[in-house]
Chemist: 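Have a look at this one.
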Amino acid sequence: MLDPQLLRRDSEKVAKQLLRRNYKFDVDCFTELEADRRILQGRQQELQTERNQNSKEIGRLKAAGADASAILEAVGHLGKELDKVDDRLSDVQEKLGRVVHGMPNIPHDSVPDGSDETQNLEVRRWGSPREFDFDPLDHVAIGECLNMMSFDKAAKISGSRFVVLSGQLCRLQRALTQFMLDLHTQEHGYQEVYVPFLVSSNALFGTGQLPKFEEDQFRTDSQPEYYLIPTAEVPVTNLHREEIIDDRSLPLRYVCHTPCFRREAGSYGRDTRGMIRQHQFEKVELVNIVRPSESWKALEALTNHAEIVLQRLELPYRVITLCAGDLGFSSAKTYDIEVWLPGQNAYREISSCSNFMDFQARRMQCRWRNPESRRAEYAHTLNGSGLAVGRTLVAIMENCQNADGSINVPSALRPYLGGVEAINRPS
RNA sequence: GGAGAGGUGGCCGAGUGGUUGAAGGCGCACGCCUGGAAAGUGUGUAUACGUUCAUAGCGUAUCGAGGGUUCGAAUCCCUCCCUCUCCGCCA
């Protein structure tokens with residue numbers, strides 16, 4: 001959510017900035033609603049003042065044992081008029097809420113122009129794609145040859161966009177998770193947390209998935225209703241909703257492993273083959289809550305923490321800055337990390353690191369006590385995948401494959417697999 | 001699932017219809033005291049919106065959420081949510 005003050009004072013400037021991400025902010029409609037709100041609220045307050053004064057007078061008279069019937073009668077008509085004004089005001093406020101809650105974050109000045117993913121900007125590359133002396137397979141072929149990956153079995157149980165893994169491939173995925181958690185907790189100073197996978201709509205509103213992206217979520221029909229988390233970002237960032245955080249405990253840095261559930265509505269034709277785009281996948285997520293003055297530095301550090309996972313696994317990748325048009329709803333700036341996938345002959349997203357500034361914090365009322373101003377101010381929130389475990393598994397399978405269909409285990413991972421150096425088809 | 005208790009400011013905790021935005025305490029900030037610190041002591045200490053040059057003053061709203069009764073609700077009534085205790089069940 002954007003600062004309402006900013007929206008009122010600088011609406012034209014905001015509209016211009018939002019246009020960069022293809023969002024049309026209807027300034028006229030907004031200013032009109034704001035004008036209505038102001039008038040109605042003024043009228044409401046007048047009436048309330050009148051009522052309060054009269055009520056106090058009645059109290060005084062009754063306490064003194066005097067007759068208050070005259071004032072009682074005089075104040076009687078106020079109620080109905082107040083009701084009318086209340087109704088009109090809440091109607092206007094609801095409309096304003098819909099506008100404001102549906103507005104995306106403003107792209108940071110350092111975010112390049114561009115309307116879609118083709119105009120994202122490459123920042124740096126690490127490693128170089130391996131030269132194969134055979135035709136590399138994609139992870140689906142490798143997994144099926146190993147007899148450890150089945151989309152047919154998953155389809156029988158659940159339908160499309162699910163996978164069943166077995167044997168050493170499961171262990172590899174588990175090892176990856178463990179490796180990432182250990183790296184971030186032991187070397188990068190993150191605190192591990194375990195959180196609910198079912199959350200309330202409030203939590204999703206806080207991080208910005210609701211109300212706009214309802215159709216991307218899985219929702220239970222229980223009472224109360226829950227949503228399956230699309231990312232650990234939701235429960236972890238909301239850990240501090242409606243709090244005023246002590247300055248001394250900042251910055252907060254959490255790492256959390258969860259499954260993630262996504263409807264993938266609107267991506268029917270995309271990545272239908274393989275594990276790239278599933279309804280359920282594992283992810284290790286990094287979340288920062290920081291002082292506003294530190295969030296840009298924190299974004300660079302967070303991105304670097306995610307990159308180190310790939311470096312340790314010796315997987316080539318590149319980092320790109322999303323252009324304004326490709327930015328997520330809540331984000332002011334996002335770096336995507338893309339890993340090289342020989343099976344697709346392309347770099348594919350494996351992590352997305354964003355600075356949301358105070359956008360999420362305002363939605364969830366997450367503040368910190370600024371010792372300088374002594375006031376409660378909105379904190380800045382950030383998050384990034386560190387990494388998407390399923391896609392990392394895919395990357396290892398495709399990058400570390402051998403001509404005989406086996407997979408070499410990256411040395412950083414071997415301690416987590418009991419020293420196993422390669423995964424072979426069981427005889 | 002059954003029975004009971006409760007949700008009040010950064011925290012704890014008073015308050016059952018009328019100057020209560022809310023006593024008291026803790027914490028925090030600033031001052032005094034001190035060689036320095038602790039203790040002591042004084043003052044201050046929510047958020048949003050409106051008005052405004054103003055983070056000054058004033059007004060309005062907010063005591064889990066929503067609705068109702070009333071001239072007036074933290075206080076009474078209804079619905080929902082949440083927390084705790086006991087019993088049952090269960091990994």
Side-chain angles (χ1 to χ4, degrees), chain A residues 1-9 11 30-31 33-97 99-101 194 196-206 210 219-227 235 238-250 252 289 291-292 358 361-379:
Chain A
M1 195 166 115
L2 296 172
D3 183 359
Q5 304 257 19
L6 182 75
L7 251 35
R8 276 180 230 125
R9 279 209 280 263
S11 44
F30 177 79
T31 7
L33 282 169
E34 264 300 319
D36 286 352
R37 198 210 88 232
R38 194 177 294 231
I39 290 163
L40 287 167
Q41 195 169 322
R43 182 67 188 136
Q44 183 195 48
Q45 292 187 1
E46 272 173 31
L47 291 167
Q48 284 168 334
T49 308
E50 197 179 336
R51 184 197 62 191
N52 289 350
Q53 283 168 352
N54 282 311
S55 293
K56 271 181 190 170
E57 184 58 24
I58 291 166
R60 232 172 270 134
L61 288 172
K62 288 204 167 173
D67 175 38
S69 55
I71 305 181
L72 269 170
E73 204 166 322
V75 89
H77 74 281
L78 277 178
K80 266 182 235 145
E81 195 176 348
L82 194 54
D83 280 348
K84 260 191 268 174
V85 173
D86 283 348
D87 285 348
R88 286 173 61 198
L89 182 59
S90 54
D91 181 56
V92 168
Q93 270 167 335
E94 201 190 305
K95 283 180 183 149
L96 270 171
V99 172
V100 173
H101 295 155
Y194 173 83
F197 304 157
L198 292 170
V199 298
S200 68
S201 61
N202 286 339
L204 281 156
F205 176 81
L210 288 183
R219 190 182 59 213
T220 68
D221 68 354
S222 58
Q223 183 53 247
E225 65 177 22
Y226 297 111
Y227 290 82
N238 276 283
L239 237 30
H240 294 283
R241 65 178 295 117
E242 290 156 48
E243 276 185 19
I244 299 175
I245 303 165
D246 193 300
D247 176 63
R248 284 169 297 198
S249 52
L250 291 176
L252 291 164
I289 300 180
R291 299 180 190 92
D358 62 6
R362 183 172 284 110
R363 291 170 86 95
M364 58 187 181
Q365 292 295 306
C366 169
R367 294 168 296 173
W368 68 301
R369 182 73 62 187
N370 182 346
E372 281 172 29
S373 69
R374 286 205 251 146
R375 298 173 65 83
E377 299 172 6
Y378 291 114

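Below, chain A is the first sequence line, B the second, and so on; all start at residue 1. Side chains included, hydrogens not; waters and symmetry mates left out as well; all remaining heavy atoms used.
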Chemist: State the dot-bracket string of RNA chain B. Criteria: Watson-Crick or G-U wobble, both atom distances under 3.5 angstrom; notation: ( ) intrastrand, [ ] crossing earlier pairs, | interstrand, . unpaired.
Modeler: ((((((((.[[[..)..(.....]]]((((((.......))))))((((((.....)))))).[[[[[..)....]]]]])))))))....
Chemist: Just to be sure I understand the rule, does A:R367 reach a base, reach only the sugar-phosphate, or reach nothing, if contact means heavy atoms closer than 4.0 Å?
Modeler: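 Sugar-phosphate only.
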Chemist: Reckon A:E50 touches a base, only the sugar-phosphate, or nothing at all at heavy-atom distances under 4.0 Å?
Modeler: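 No contact.
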Chemist: Report which part of the nucleic acid A:I244 touches: base, sugar-phosphate, or nothing (heavy-atom distance under 4.0 Å, all strands).
Modeler: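 The answer is sugar-phosphate, as A:I244 gets under 4.0 Å only of primed atoms, P, OP1 or OP2.
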Chemist: Go through B:G10, B:U60, B:G50 for me and flag the one nearest to the A:T49 side chain.
Modeler: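 The nucleotide sitting nearest to the side chain is B:U60.
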Chemist: B:G1 and B:C11: how far apart are their C1' atoms, nearest whole angstrom?
Modeler: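 Each nucleotide's C1' atom is 35 Å from the other's.
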Chemist: Without decimals, in angstroms, what is the distance between A:Q5 CD and B:U55 C1'?
Modeler: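 Nearest whole value for this atom pair: 12 Å.
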Chemist: If I pick the C1' atom on B:A65 and the same atom on B:C81, what distance separates them, to the nearest angstrom?
Modeler: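 Each nucleotide's C1' atom is 7 Å from the other's.
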Chemist: Say we look at B:C33 and B:G21: how far apart would their P atoms be, to the nearest angstrom?
Modeler: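 Their P atoms lie roughly 38 Å apart.
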Chemist: Which nucleotide, B:G50, B:U47, B:C71, lies nearest any side-chain atom of A:S55?
Modeler: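 The listed nucleotide nearest to A:S55's side chain is B:C71.
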Chemist: Can you tell me whether the side chain of A:Q45 and the base of B:G59 have a donor-acceptor pair closer than 3.5 Å?
Modeler: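 Counting by modelled atom types and ignoring angles, a donor-acceptor contact under 3.5 Å is found here.
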Chemist: Would a 4.5 Å heavy-atom cut-off, applied to side chains only, mark A:R38 and A:R8 as touching?
Modeler: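 Heavy-atom side-chain distance check passes, below 4.5 Å.
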Chemist: Find the distance A:E242:CD to B:G10:C1' and express it as a whole number of Å.
Modeler: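 Spelled out: CD on A:E242 to C1' on B:G10 is 14 Å.
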Chemist: OP1 or OP2 of B:G59 less than 4.0 angstrom from a side-chain nitrogen or oxygen of A:N52, does that happen here?
Modeler: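 Checking A:N52 against B:G59: no side-chain N or O falls below 4.0 Å of OP1 or OP2.
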Chemist: Could you say whether A:Y378 or A:G59 is positioned toward the 5' end of RNA chain B, judged by the nucleotide with the nearest heavy atom to each?
Modeler: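 Nearest-nucleotide comparison on RNA chain B picks A:G59.
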Chemist: Is the shortest side-chain heavy-atom distance between A:Y378 and A:P292 below 4.5 Å?
Modeler: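 Of all side-chain heavy-atom pairs linking A:P292 with A:Y378, none is under 4.5 Å.
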Chemist: Do A:R291 and A:D247 touch side chain to side chain, with heavy atoms closer than 4.5 Å?
Modeler: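 Touching, per the 4.5 Å side-chain cut-off.
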Chemist: Do the side-chain N or O atoms of A:R37 get closer than 4.0 angstrom to the phosphate oxygens (OP1, OP2) of B:G50?
Modeler: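 It does, given that an N or O in the side chain of A:R37 lies less than 4.0 Å from OP1 or OP2 of B:G50.
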Chemist: With sugar-phosphate meaning primed atoms plus P, OP1 and OP2, does A:R362 contact a base, only sugar-phosphate, or nothing at under 4.0 Å between heavy atoms?
Modeler: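 It contacts nothing in the nucleic acid.
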Chemist: Which listed nucleotide (B:G72, B:G50, B:G10) is nearest to the side chain of A:R51?
Modeler: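 It is B:G72.
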